[in-house]
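To start, the structure itself, in structure tokens.
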Amino acid sequence: MSSDLQWLLLRKNSSYIVKRVPEGPVFSREPGNLTNIHSWKYSSLANEKTITVKDSESGIQLAYRKKGASPHAVRPAYAHLAIRPRSGPRRAAGVTAKLAKRGYRPDLRAAALARVSALLVAKKEKKATPPRKARGKKAAKTA
């Protein structure tokens, strides 16, 4: 079935659609949707080539469908890339750039980088705030 026909069937009726405001944006809860916006560009159900970003204990996992894989194959059809938790944003930029340079959905590069960066920031441990220094009259009293 073509991706256009799949989108025509999924566009109005899907269990992943989230409509909060009657005239507002329509969101999607699809597993492979990078921006959670209900559109053909980001839909993982209607497109053959998708990039899925998942958060796991070992780091952030990027999965994409291998070129030439059968649409009916389950496990071997996907290739996985891992980003360690403490590797930082440059590693994430390199991994997403590598996929885009190969010609694998370069239009999703910015969305994948934004999703990976957001996950890295969320996982980052916050530093403890240092104690405040006394200034003015309070500093003179303690000195």
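We find the CG-CG distance between L9 and L45 to be 11.5 Å, quoted to the nearest 0.5 Å. Going from atom CG of L120 over to atom CD1 of I60 covers 3.5 Å, rounded to the nearest 0.5 Å. Rounding to the nearest 0.5 angstrom, the gap separating the CD1 atom in I83 from the CZ atom in R91 is 6.0 Å.
In this structure, the side chain to side chain contact (heavy atoms under 4.5 Å, CB included) partners of A79, at least two apart in sequence or on a different chain, are Y64, K66. With sequence neighbours left out, A110 forms a side chain to side chain contact (heavy atoms under 4.5 Å, CB included) with no residue at all. Among residues two or more places apart in sequence or in another chain, the side-chain hydrogen bond (donor to acceptor under 3.5 Å, both in side chains) test is passed with K123 by D55. Residues meeting the side chain to side chain contact (heavy atoms under 4.5 Å, CB included) test with T35, sequence neighbours left out: N33, I37, Y42, A111. By the side chain to side chain contact (heavy atoms under 4.5 Å, CB included) test, A118 is found to be paired with no residue, residues two or more places apart in sequence or in another chain being considered.
The shortest distance between side-chain heavy atoms of L62 and V95 falls below 4.5 Å. In this structure, the side chains of E48 and R105 stay at 4.5 Å or more apart for every pair of heavy atoms. The side-chain heavy atoms of R65 and T52, taken from C-beta on, include no pair separated by under 4.5 Å.
Sorted by first and then second residue, the side chain to side chain donor-acceptor pair (under 3.5 Å) pairs involving residues 6-19 (not counting sequence neighbours) form an empty list.
Heavy-atom minimum distance, H80 versus A63: ND1-CB, 3.5 Å. W40 and N47 make their closest contact through O-ND2, 2.7 Å (heavy atoms, listed as atom of the first residue, atom of the second, distance). For the residue pair L10 and A46, the shortest heavy atom distance occurs at CD1-N, 4.3 Å. The heavy-atom pair separating A112 from L34 by the smallest distance is N-CD1, 3.8 Å. Across every non-hydrogen atom of E30 and S44, the tightest pair is OE1-N, 2.8 Å. Heavy-atom minimum distance, R109 versus A100: CD-CB, 3.8 Å.
Cluster membership for L119 and L99, using ILVMFWY side-chain heavy atoms within less than 4.5 angstrom, is shared.
Within a 6.0 Å radius of CZ in R102, more than 12 heavy atoms belonging to other residues, nucleotides or ligands are found.
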